[in-house]
Amino acid sequence: GLRICGVKVTDGRLARGDRVRIQSAESKIKSIRISKNEVNKAETGQECGVLLEPQIDFLPGDVILAHS
């Protein structure tokens with residue numbers, strides 16, 4: 001099944017299509033949802049669900065670094 005990252009944006013923003021790094025693995029944001037609504041980006045302070053493609057392993061507490 002799909003693994004969704006539950007995320008709180010602490011600085012900057014996350015946007016669909018951003019490249020991300022978790023630990024030493026790299027992926028890309030395929031979709032972002034806030035309260036079941038598909039959105040293009042999430043801003044500082046917002047909580048969202050992020051789907052990555054390709055899927056990579058992550059653990060609770062991991063930090064996602066994103067860049068466009």
Side-chain angles (χ1 to χ4, degrees):
L2 297 175
R3 293 190 66 202
I4 306 294
C5 304
V7 174
K8 180 165 186 174
V9 182
T10 57
D11 186 35
R13 59 110 181 107
L14 292 177
R16 187 169 38 205
D18 281 358
R19 298 208 55 77
V20 298
R21 178 182 290 270
I22 302 176
Q23 296 179 6
S24 60
E26 293 208 5
S27 188
K28 193 173 182 178
I29 296 177
K30 180 178 180 181
S31 73
I32 301 173
R33 289 182 183 253
I34 298 176
S35 301
K36 298 185 181 180
N37 297 314
E38 184 84 24
V39 297
N40 289 320
K41 63 183 175 178
E43 304 283 351
T44 301
Q46 290 185 303
E47 295 183 357
C48 59
V50 174
L51 177 62
L52 302 175
E53 190 175 81
Q55 291 190 32
I56 54 178
D57 286 334
F58 57 87
L59 296 170
D62 281 351
V63 174
I64 296 177
L65 299 175
H67 55 92
S68 48

Notebook entry, point to check: How close do Ala15 and Ile29 get, heavy atom to heavy atom, and via which atoms?
Noted result: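 So the two residues come closest at O-CD1, 3.6 Å.
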Check: Which heavy-atom pair separates Ser31 from Glu38 by the least distance, and what is that distance?
Finding: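 Shortest heavy-atom separation between Ser31 and Glu38 comes out as CB-OE2, 2.9 Å.
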Notebook entry, point to check: Has the side chain of Thr44 got a donor or acceptor atom that lies under 3.5 Å from a matching backbone atom of Gly12?
Noted result: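 The answer is yes, because a donor-acceptor pair under 3.5 Å joins these two groups.
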Margin query: Can you list everything that forms a side-chain contact (heavy atoms from CB on, under 4.5 Å) with Ala25? Sequence neighbours excluded, please.
Written below: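 Ile56.
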Next item on the list: Mind checking salt bridge (Lys or Arg N to Asp or Glu O under 4.0 Å) for Glu53 and listing every partner two or more places apart, or none if nothing turns up?
Entry: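 Testing Glu53 for salt bridge (Lys or Arg N to Asp or Glu O under 4.0 Å), a comparison that skips the adjacent residues, returns Lys30.
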Are [X] and [Y] packed together at the side-chain level, in the sense that at least one heavy-atom pair is separated by less than 4.5 angstrom?
{"X": "Asp18", "Y": "Arg13", "result": "yes"}
{"X": "Leu14", "Y": "Lys41", "result": "no"}
{"X": "Gln46", "Y": "Lys8", "result": "no"}

Name each donor-acceptor pair under 3.5 Å that joins a side chain in residues 59-68 to protein atoms two or more places apart or in another chain, with its distance.
unit_1, atom_1, unit_2, atom_2, d
Asp62, OD1, Gln23, NE2, 3.2
Asp62, OD2, Gln23, NE2, 3.2
Asp62, OD2, Leu59, N, 2.7

Next item on the list: Tell me whether Leu51 is reachable from Val39 by hopping between hydrophobic residues (I, L, V, M, F, W, Y) whose side-chain heavy atoms are closer than 4.5 Å.
Entry: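 No; tracing contacts between hydrophobic side chains, which count when under 4.5 Å, never links both residues.
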Margin query: In this structure, would Val7 and Ile34 fall into the same cluster of hydrophobic residues linked by side-chain contacts under 4.5 Å?
Written below: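 Yes, it is one cluster - the side chains of Val7 and Ile34 are joined through contacts under 4.5 Å.
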Next item on the list: Tell me, with the steps shown, if Asp57 and Ile22 meet side-chain contact (heavy atoms from CB on, under 4.5 Å).
Entry: CA-CA 8 Å; Asp57 286 334; Ile22 302 176; over 6 Å; no
